[in-house]
Every structure is written in C-alpha cells, then in structure tokens.
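The block underneath contains the structure these notes are about, expressed in structure tokens.
Counting starts at 1 for both ligands and their atoms, in listed order.
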Amino acid sequence: MGRNRKQKPLLEKVVIEKLAAEGKAIGRVDDKIVFVTGVIPGDIVDVQVNKKRKSFMEGYPVAFHKHSPMKIDAFCEHFGVCGGCKWQNLPYEEQIKFKQQEVIDNLERIGKVELNGINEIIASEKTKFYRNKLEFTFSNKRYLTSEEIAIGDDIKRTPALGFHVPKLFDKIVDINKCHLQPEPSNAVRLAIKEYAFANDLSFFDIRNHEGFLRTLIIRTSTTDDVMIIVVFYHEDVEKREGLLKHLADKFPEVTSLMYIINEKANDSITDQEAILYKGVDHIFEQMENLRFKIGPKSFYQTNSDQAYNLYCKTREFAELTGDEVVYDLYTGTGTIANFVAKQAKKVIGIEYVPEAIADAKVNSEINGITNTEFFAGDMKNVLTKEFIELHGQPDTIIVDPPRAGMHTDVVETILHAAPKRIVYVSCNSATQARDLALMDEAYKVTKVQAVDMFPHTHHVENIVQLERR
Ligand SMILES: C[S@@+](CC[C@H](N)C(=O)[O-])C[C@H]1O[C@@H](n2cnc3c(N)ncnc32)[C@H](O)[C@@H]1O
C-alpha cells in the first residue's frame with residue numbers, strides 16, 4: 001500500500017470481483033471492501049483511494065495490470081471521458097445479467113421479499129441510438145483529453161459543445177459523435193458548432209456568467225418529429241436570428257425550432273419561456289393507437305421503445321377488467337394513466353408538476369379518453385383519506401415515484417386505501433425494496449419484472465406486482 005500527497009492510499013493490484021450498485025465495482029484489500037469506478041469484474045488494477053471510511057474505501061484505477069477476460073472494445077471515441085455509457089466495455093448480455101441480479105439482491109436483502117422466481121429482464125433491442133432526448137452544454141472550458149493535450153495550443157482555446165465531465169462542473173467534453181440519439185442529433189449539434197465558430201458566437205462561461213450560447217436540447221420521436229431548443233444566455237437579435245435561420249434552412253425536416261433566453265444563474269428551463277421560431281411548439285410520440293403531445297418542457301420516458309415495453313408489462317400486472325377505479329400516482333404527463341384507461345372504469349392521476357398535469361389532460365383529450373382525472377400537487381398532501389373518500393376507493397394503485405421512492409405518509413395512505421392490487425414501477429430497486437418492506441404485512445409480492453431502459457449504464461427499471469394478503 002503506497003501513499004500519495006493527500007495521504008489517501010494507493011492500493012496495488014486490486015482484483016475486481018463483481019459489479020456493485022451505482023455503476024461501481026468491488027475489490028477487496030485486507031478484507032476491506034473497495035468500491036472502484038471505471039472497472040469491470042476480472043480487471044486487476046492499482047486504485048487511488050479518494051474516500052476512506054471504517055468499513056470501506058472508494059477510488060479509481062490509475063493503472064491496469066490485467067484487463068478482464070470479459071472486456072470488449074468500447075464503440076465510442078469519447079468512452080472513459082464522457083459521463084455516459086460507462087459500461088460499453090462490458091458485453092450487453094453481462095450488463096443485463098448484473099441488472100437482473102441487482103434487482104433480486106435489493107428485493108431480498110433490503111425488502112426481505114421472498115421471491116419465487118422473477119421474470120427474465122426485458123433487454124433493450126436497441127443498444128445504441130435509443131434515446132429520444134439529449135441536452136448538450138456549450139462551454140468555453142473544454143475538457144482536454146490526453147490526445148487533445150498532445151495536439152497543442154490551438155485546440156486548448158477551442159470551446160466545447162457536449163457533455164459534462166463527471167465531478168468537474170465547469171468542464172465539457174466536446175462531442176464529435178454520440179451514439180445515444182438517432183440523427184439528425186449529431187448533425188444538428190455539429191452544424192451549430194460550425195456556425196458558431198464561423199460567426200463568432202461565444203460559448204457560455206459558467207464561472208463568470210458570460211457568453212451567448214448556453215445549452216442545446218434535441219428531441220426526436222417515434223413519429224420522426226424533431227424538436228430543437230437553443231438556450232441563449234442573453235438576447236442578441238441579430239446573432240440569434242442568424243443561427244436559427246441557418247438551422248431552419250439546413251434542417252427543413254425539423255418540426256419544432258424553439259429558443260429560450262435564460263439569464264439566470266442555473267441551467268434549469270422549467271421556469272423559462274420557450275419561444276417558437278419555426279414550426280409548432282410540440283412534437284408527437286405514438287404508442288399503440290395513442291398519441292402523446294410533447295411540449296419543450298414535458299417529461300417523456302427517454303427510451304420510447306422500452307417505455308412501451310414497460311407500460312405493457314405495467315398494464316399486464318394491473319390485470320384490469322374494465323370495472324376498476326385505478327390511481328396512477330406520480331403520473332408525470334399521464335402516460336401510464338392514459339395507456340391503461342381503456343381497461344378501467346376510471347383513472348386518477350396525481351403528479352407534482354402542474355405543467356405535466358396540463359399535458360396529461362391534453363393527452364387524454366386528443367386521444368378521446370374521457371375517464372381520466374388529473375390532480376397536481378405534492379403526493380403526500382394530495383393523496384389523503386379525504387381525497388380518497390371524495391374520488392373513490394381505488395381497486396388498483398399504480399405508482400412510479402422518482403429515485404427516492406415514496407414518502408412514508410404516502411405509503412401509509414396507500415395502506416389505508418387498501419387496494420386489491422398495487423403495481424410498483426421504479427427506477428431504483430433499492431428504495432422500491434425499502435417501500436415494499438413497509439407494505440409487507442398487508443401485501444405480498446406476486447410478480448417481478450426488470451426492464452432495461454438504458455443500455456451501457458447501470459440504471460435499471462423494475463416493476464413489482466403486489467396482491468393484498
Ligand atoms: C419516474 S417519473 C414517472 C413518470 C410517469 N409515470 C411516466 O412514465 O412518464 C416520477 C414523477 O414523479 C413526480 N414527482 C416527484 N416527486 C413528487 C411528489 N412529491 N409528489 C408528486 N409527484 C412527484 C415527478 O415530477 C415525475 O413526473
């Protein structure tokens with residue numbers, strides 16, 4: 001064990017044994033667990049420790065003595081620098097095996113769930129170009145890769161349009177080709193960069209709050225609609241018009257070309273006005289015979305094909321006959337609520353974000369669905385005993401909370417409502433398992449289905465069916 005300047009140890013020849021949660025992997029030194037980023041089982045590496053606790057350490061590899069026999073070549077030129085697609089060097093079959101095992105481990109260890117087998121994970125047919133939305137950042141602080149440092153000074157002065165480097169908030173990796181979103185995503189991004197360089201449009205400086213171009217959001221859809229939103233730090237009519245006209249001329253297929261002037265300190269656009277430059281202010285997604293209208297700020301699951309598989313399984317687990325009152329909690333833009341509405345007597349959707357609720361209502365309307373009702377507000381305040389008395393006892397409750405899972409008050413109200421069946425959709429099986437443990441006395445887990453929405457990342461979605469005991 002060596003020592004570095006900060007007195008954090010350098011661990012030599014650590015054998016990486018298995019993958020762990022949050023995309024890390026586990027090695028062991030003197031019976032102490034070491035969580036390592038950027039490695040896969042079978043690697044033997046020197047690890048620079050950056051966190052040391054009584055029972056574990058965390059670190060990153062500084063030298064590889066042996067690569068895992070499982071290792072494959074990454075397909076992306078930005079692998080290892082960019083924060084996305086971290087598991088590209090692990091075969092996809094191994095990725096999904098691990099995701100399935102993680103779900104089982106969390107349900108058994110945290111949730112103390114007795115599993116009588118679980119369905120095989122639904123893998124993503126597309127493992128590249130599966131996302132329908134990407135957000136890129138403009139920055140005058142380019143992250144320099146070792147190859148770029150070797151090129152010399154010219155490139156060091158070049159701004160970047162791409163993704164944040166993990167843990168370096170002001171550094172952006174300049175992306176040449178991203179394998180996450182179908183075209184025209186790459187073409188649009190590269191065209192904007194080229195135009196900006198040729199016409200002297202400055203890129204944002206996040207430390208000093210100066211510069212013109214700030215972020216770029218591109219949305220594509222299963223209906224081949226394309227939305228581009230360029231976010232500027234301040235208004236400059238001539239420069240803005242110049243760029244947007246160039247985009248409109250070069251990409252006539254774009255359905256919706258919009259811009260935002262965001263003069264705030266942070267990048268969030270939820271409270272900013274999106275202004276239409278060309279086309280319409282929305283795009284459409286299609287699922288079975290339903291169309292979903294998506295505005296510039298609307299949430300929609302980012303892997304459309306797998307979202308369809310997720311919703312089909314959710315509907316299957318709900319086992320609706322047409323007579324049920326269904327609650328869809330954390331409904332977002334009401335996608336699940338509308339997706340199951342035809343098989344239910346009535347569906348009630350509840351969601352925090354008022355704009356999402358407005359979208360949910362529009363989505364019912366444009367699809368001729370008349371048996372849904374939507375309510376905006378914090379779940380623990382909206383879903384009360386009085387609400388249930390007023391709107392009807394649920395026969396089935398579907399929940400799809402954020403990563404943190406459900407507030408204990410919400411769990412309590414669900415237990416009080418005592419529906420026959422609960423379908424719990426989650427993007428974090430650890431918090432899902434914690435919530436299941438709270439419901440264990442009254443509900444037993446009857447079906448489990450993991451769904452992989454995000455190949456080459458550690459994220460996994462999981463659906464659990466619960467029946468009242
Ligand atoms: C994982 S998303 C589910 C979206 C939706 N089911 C779908 O598939 O499109 C979780 C949703 O919960 C909402 N949310 C988060 N915290 C909430 C809270 N305390 N009360 C109500 N909704 C909340 C978020 O705004 C988000 O739309």
Handout entry: Value rounded to 0.5 Å, distance of OG1 in Thr413 from CD in Glu386
Key = 9.5 Å
Exercise for the section: Examine ligand 1 and decide if any of its atoms is less than 4.0 Å from a heavy atom belonging to Tyr311. Expected result: yes
Handout entry: Per-atom contacts of ligand 1 with Val353, taking only distances under 4.0 Å to non-hydrogen atoms
Key = 25 (O)
Completion exercise
for atom 22 (N) of ligand 1, nearest protein heavy atom and its distance come out as Tyr352 N, 3.0 Å
Practice task
Kindly indicate, with the supporting measurements, whether the criterion ring pair (Phe, Tyr, Trp, His ring centres under 6.0 Å) is fulfilled by Phe387 and Phe375.
Solution key: CA-CA 11 Å; Phe387 180 94; Phe375 301 88; 5.1 Å; yes
Exercise for the section: Distance to 0.1 Å, residue and atom name: give those for the protein heavy atom nearest to atom 11 (C) of ligand 1. Expected result: Glu351 OE1, 3.5 Å
Problem - Atoms of ligand 1 close to Gly332 [distance to a heavy atom under 4.0 angstrom, numbered from 1] - result: 27 (O)
Practice task
Considering the heavy atoms of Pro402, write down every atom of ligand 1 situated less than 4.0 Å from one of them.
Solution key: 10 (C), 12 (O), 15 (C), 16 (N)
Exercise for the section: Describe, in one word, how the ring planes of Phe339 and Tyr311 are oriented to each other, choosing from parallel (under 30°), tilted (30 to 60°) and perpendicular (over 60°). Expected result: tilted
Handout entry: Gly377 touching ligand 1 at heavy-atom level, < 4.0 angstrom
Key = yes
Problem - Atoms of ligand 1 close to Gln301 [distance to a heavy atom under 4.0 angstrom, numbered from 1] - result: 7 (C), 8 (O)
Completion exercise
Logged contact type for Phe299 with ligand 1, heavy-atom cut-off 4.0 Å, is side chain
Problem - Part of Pro401 with heavy atoms under 4.0 Å of ligand 1, whether side chain, backbone, both or neither - result: backbone
Problem - For atom 12 (O) of ligand 1, the option (of Tyr330, Phe292, Phe339) bearing the nearest heavy atom - result: Tyr330
Practice task
Please step through salt bridge (Lys or Arg N to Asp or Glu O under 4.0 Å) for the pair Asp205 and Arg207, ending with a clear verdict.
Solution key: CA-CA 6 Å; Asp205 182 321; Arg207 281 190 190 277; over 6 Å; no
Handout entry: Ring centers of His282, Phe284 separated by less than 6.0 Å
Key = yes
Practice task
Please could you name the atoms of ligand 1 that Thr335 approaches to less than 4.0 Å, counting only its heavy atoms?
Solution key: 9 (O)
Practice task
Give the ring-plane orientation class for Phe56 versus Phe35, where under 30° counts as parallel, over 60° as perpendicular and anything between as tilted.
Solution key: perpendicular
Exercise for the section: Could you find the nearest protein heavy atom to atom 19 (N) of ligand 1 and give me its residue, atom name and distance? Expected result: Asp378 OD1, 3.0 Å
Practice task
Could you tell me whether Phe163 and Phe136 have their ring centroids closer than 6.0 angstrom?
Solution key: yes
Exercise for the section: May I ask you to check if ligand 1 and Met379 share an N or O to N or O distance below 3.5 Å? Expected result: yes
Handout entry: Protein heavy atom at shortest distance from atom 10 (C) of ligand 1
Key = Asp400 O, 3.3 Å
Handout entry: Polar side chain donor-acceptor pair, Asp435 to Gln432, under 3.5 angstrom
Key = no
Practice task
Inspect the surroundings of CZ in Arg468 and state if more than 12 heavy atoms from other residues, nucleotides or ligands are less than 6.0 Å away.
Solution key: yes
Problem - Value rounded to 0.5 Å, distance of CZ in Arg219 from CD in Glu135 - result: 10.5 Å
Exercise for the section: Take every heavy atom of Ala356, measure it against each atom of ligand 1, and state whether any distance is under 4.0 Å. Expected result: no
Practice task
Looking only at distances, please establish whether an N/O atom of ligand 1 is found under 3.5 Å from an N/O atom of Thr333.
Solution key: no
Exercise for the section: Name the orientation class of the two ring planes belonging to His459 and Phe454 (parallel below 30°, tilted from 30 to 60°, perpendicular beyond 60°). Expected result: perpendicular
Practice task
Output the list of atoms in ligand 1 that are nearer than 4.0 Å to some heavy atom of Thr331, sorted by atom number.
Solution key: 5 (C), 6 (N)
